[in-house]
Asker: 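I am attaching a structure below and will ask some questions about it afterwards.
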Amino acid sequence: MGEEEEEEARRWIRTDETAKRMLSRVLRDRSILLLPPLHRVPLRAGNVVEITGASPSAKTQILIQSAISCILPKEWNSIQYGGLGKLVLFLDLDCRFDVLRLSEVLKHRLLQADRLGNGEWWQLQDANLRNCGSEDKKSKAVFDEELYVSCMKRFLYIRCYDSIELLSTLKTLHYRIQREEEAYGIQVGILMIDSIGAFHWTDRLSSSLAMEAHNRKNLSLKNVVETIVQEMKRLLQVHSMIIIATKATIFGDNKHPASEISRKFSSNDDLSRTGSSNAQHLPFREFMPSSWQAFVTHRILLRQPAGQSLPMQQSASPSTYTLEWLQPQLSSFDKFAVEEGGIVNV
């Protein structure tokens, strides 16, 4: 190991934040309000939001909507875009993320803001836009390519294929975030995880296989999740950001209202004892270990109305979903639709 690597390791071990930097970061942090459907509860740095729902229930669509709100600037060329102007770090554990969908929704938001900010210009161009044969031509006619490229560069994407790779990523994420923040001169606003339970069943199977005693603890499901949570807590202590994670439900049941959900989430070890008695009352079954459940500060439940099982691309009309805040518990429900340009309240 050379001198540069040794110094890098020492900086990682030592505290890397002065009192002045800490105070400036804390005083700068304010609650933010994301676009619908996450507009009911203001979020701030350090919050961990879990979005739970069956597949499909627009969980990734909500991540895309929130990511665009984060990477868009507040203002660009005297036009208000209403974004946070920060970086987004997206950890794809499902390995199914569609970057073209992100690009499509981002372009729609840019065009929408341009229309509002340049009202007179758009009125003069309406006739020309109507004559354009496709939406792609319309986009090229009025599109701000520089702003689009700038926003896409703020979206940092990492794909992980198993829990070991996820742990390795989290352990080196502090250095990567520092490097990206220095390169762009802005902070990471949101760390997104899609989806946090992607490796649950493979890890559970691995922990049940016959292994030598000194390996069993390292590969146990509980130990892996606890280590993941510890690494995330370390990141939140240093970096001023929000964590939003999606999680697919199991044993979904739309017959029972979401208000019947038990507010006390049992640990994974307790499921074998209480699963049979609670299954008829809960619309979903909690499978993540208690270390993750205690780490989460906000919980959201997504539902798709009965009889509406086709994804947006295969259905003639936009898919609609309902959203309920479980933590903090709100009495109102939100209903939203997923359209080509993103999510809209209905």
Side-chain angles (χ1 to χ4, degrees), residues 34 38 43 45-53 55 57-71 84 86-103 105-106 151-181 183-184 186-203 221 223-248 287-289 291-293 295-300 302:
L34 296 176
L38 302 183
L43 302 173
N47 289 158
V48 181
V49 184
E50 179 189 88
I51 303 176
T52 302
S55 181
S57 58
K59 298 185 295 295
T60 305
Q61 297 295 326
I62 292 179
L63 292 185
I64 290 176
Q65 184 103 335
S66 302
I68 291 175
S69 297
C70 188
I71 62 180
L84 300 177
K86 295 186 177 182
L87 302 172
V88 167
L89 191 55
F90 193 100
L91 301 185
D92 185 11
L93 311 188
D94 265 345
C95 301
R96 294 184 301 176
F97 180 75
D98 186 2
V99 69
L100 294 180
R101 177 59 179 164
L102 172 71
S103 174
V105 179
L106 174 59
C151 290
M152 291 298 291
K153 286 182 178 180
R154 294 173 186 166
F155 185 83
L156 312 177
Y157 177 83
I158 301 176
R159 179 178 290 180
C160 300
Y161 293 95
D162 53 45
S163 291
I164 302 302
E165 191 170 352
L166 174 60
L167 280 172
S168 301
T169 299
L170 291 174
K171 286 183 176 294
T172 58
L173 207 54
H174 168 72
Y175 172 73
R176 175 161 186 170
I177 290 175
Q178 276 193 326
R179 184 181 62 189
E180 299 292 349
E181 289 181 344
Y184 291 96
I186 52 178
Q187 291 181 310
V188 171
I190 305 178
L191 170 62
M192 297 182 171
I193 305 173
D194 188 23
S195 81
I196 190 62
F199 311 131
H200 173 83
W201 302 110
T202 54
D203 291 342
L221 173 64
N223 182 259
V224 168
V225 176
E226 285 179 351
T227 307
I228 290 173
V229 170
Q230 289 173 3
E231 294 299 328
M232 290 186 185
K233 286 181 177 179
R234 292 192 182 103
L235 289 172
L236 290 179
Q237 289 175 351
V238 180
H239 301 284
S240 179
M241 61 185 180
I242 298 169
I243 295 179
I244 303 180
T246 64
K247 184 183 72 178
F287 60 89
M288 291 294 289
S291 56
W292 170 259
Q293 299 172 42
F295 180 53
V296 173
T297 62
H298 297 70
R299 284 186 172 90
I300 295 170
L302 300 179

Asker: Is it the case that the side chain of Glu181 and the backbone of Val188 share a donor-acceptor pair, with hydrogens and angles ignored and the cut-off at 3.5 Å?
Answerer: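 Yes, because the side chain of Glu181 sits within donor-acceptor range (under 3.5 Å) of the backbone of Val188.
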Asker: Run the side chain to side chain contact (heavy atoms under 4.5 Å, CB included) check on Ile193 and Leu166 step by step: do they pass?
Answerer: CA-CA 10 Å; Ile193 305 173; Leu166 174 60; 5.7 Å; no
Asker: Does the pair Leu167 and Thr227 meet the rule for a side chain to side chain contact (heavy atoms under 4.5 Å, CB included), with working shown?
Answerer: CA-CA 8 Å; Leu167 280 172; Thr227 307; 3.6 Å; yes
Asker: Using the side-chain contact (heavy atoms from CB on, under 4.5 Å) criterion, which residues pair with Ile158? Sequence neighbours excluded.
Answerer: Leu89, Leu91, Cys160, Thr169, Leu173, Arg176
Asker: Do the non-hydrogen side-chain atoms of Glu231 and His174 ever get within less than 4.5 Å of each other?
Answerer: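 Side chain of Glu231 against side chain of His174, heavy atoms only: no contact under 4.5 Å found.
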Asker: Could you tell me which non-hydrogen atom of Gly189 sits nearest to which non-hydrogen atom of Cys70, and how far apart they are?
Answerer: CA-SG, 4.0 Å
Asker: Could you give me the CA-CA distance, side-chain angles and deciding distance for Thr52 and Arg299, then say whether side chain to side chain contact (heavy atoms under 4.5 Å, CB included) is met?
Answerer: CA-CA 7 Å; Thr52 302; Arg299 284 186 172 90; 5.9 Å; no
Asker: Using side-chain heavy atoms (C-beta onward) and a distance below 4.5 Å, is Leu38 in contact with Ile300?
Answerer: yes
Asker: Within the distance-only criterion (no hydrogens, no angle test), does the side chain of Arg234 pair as donor or acceptor with the backbone N or O of Lys171 below 3.5 angstrom?
Answerer: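 No: the side chain of Arg234 does not pair with the backbone of Lys171.
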Asker: Considering residues at least two apart in sequence or located in another chain, which fulfil the side-chain contact (heavy atoms from CB on, under 4.5 Å) criterion with Tyr184?
Answerer: Leu87, Lys153, Glu180, Ile186
Asker: Nearest heavy-atom pair of Pro289 and Val225: which atoms, and what distance?
Answerer: CG-CG2, 3.8 Å
Asker: What are the two closest heavy atoms between Gly46 and Leu236, and how far apart are they?
Answerer: O-CD1, 3.9 Å
Asker: To the closest 0.5 Å, what do you measure between CD1 (Ile243) and CE (Met192)?
Answerer: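 That separation rounds to 11.5 Å.
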Asker: Within the 4.5 Å heavy-atom criterion, are Met241 and Leu235 side-chain neighbours or not?
Answerer: yes
Asker: Measuring from atom CG of Leu63 to atom CG of Asp92, what distance do you get when rounded to the nearest 0.5 angstrom?
Answerer: 10.0 Å
Asker: Please determine whether the number of non-hydrogen atoms from other residues, nucleotides or ligands lying under 6.0 Å from atom CZ of Arg96 exceeds 12.
Answerer: no
Asker: Output all residues satisfying side-chain contact (heavy atoms from CB on, under 4.5 Å) with Glu226, sequence neighbours left out; order by chain, then residue number.
Answerer: Lys222, Ser291
Asker: Tell me the closest heavy-atom pair linking Ile71 and Cys151, and the distance in Å.
Answerer: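 Of all heavy-atom pairs spanning Ile71 and Cys151, the closest is CD1-O, 3.5 Å.
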Asker: Taking all heavy atoms of His200 and all of Phe287, pick out the closest pair and write down the distance.
Answerer: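 Heavy-atom minimum between the residues: CE1-O, 3.2 Å.
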Asker: Spell out, as yes or no, whether a donor-acceptor pair under 3.5 Å connects the side chain of Thr246 to the backbone of Ile51.
Answerer: no
Asker: Testing the basics here: between Phe90 and Asp194, what is the closest heavy-atom pair and its distance to 0.1 Å?
Answerer: CZ-CB, 3.7 Å
Asker: To the closest 0.5 Å, what do you measure between OG (Ser66) and CD1 (Ile190)?
Answerer: 5.5 Å
Asker: Side chains of Trp292 and Ile196: does their closest heavy-atom pair fall under 4.5 Å?
Answerer: yes
Asker: Using only atom types and a distance under 3.5 Å, with no angle test, would you say the side chain of Gln187 pairs donor to acceptor with the backbone of Lys86?
Answerer: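 Side chain of Gln187 to backbone of Lys86: no pair is present.
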Asker: Could you check whether any side-chain heavy atom of Leu170 comes within less than 4.5 Å of a side-chain heavy atom of Met232, counting everything from C-beta outward?
Answerer: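 Heavy-atom side-chain distance check passes, below 4.5 Å.
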Asker: To the nearest 0.5 Å, what is the distance between CG (Asp94) and OH (Tyr161)?
Answerer: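 Interatomic distance, Asp94 CG to Tyr161 OH, rounded to 0.5 Å: 12.0 Å.
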Asker: Counting distance only, does the side-chain N/O of Lys59 pair as donor-acceptor with the main-chain N or O of Gly53 below 3.5 Å?
Answerer: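 It does hold such a pair.
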Asker: Parallel, tilted or perpendicular, judged at 30° and 60°: which one describes the rings of Phe97 and Phe155?
Answerer: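 Ring orientation, 0 to 90° scale: parallel.
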Asker: Between atom OG of Ser57 and atom CD1 of Ile62, what is the distance when rounded to the nearest 0.5 Å?
Answerer: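 Spacing of OG (Ser57) from CD1 (Ile62) equals 7.5 Å.
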Asker: From Leu43 CG over to Thr297 OG1, what is the distance, rounded to the nearest 0.5 angstrom?
Answerer: 7.5 Å
Asker: For side chain to side chain contact (heavy atoms under 4.5 Å, CB included), just list the numbers for Tyr157 and Leu102, CA-CA rounded to whole Å, side-chain angles, deciding distance to a tenth of an Å, and then say yes or no.
Answerer: CA-CA 12 Å; Tyr157 177 83; Leu102 172 71; over 6 Å; no
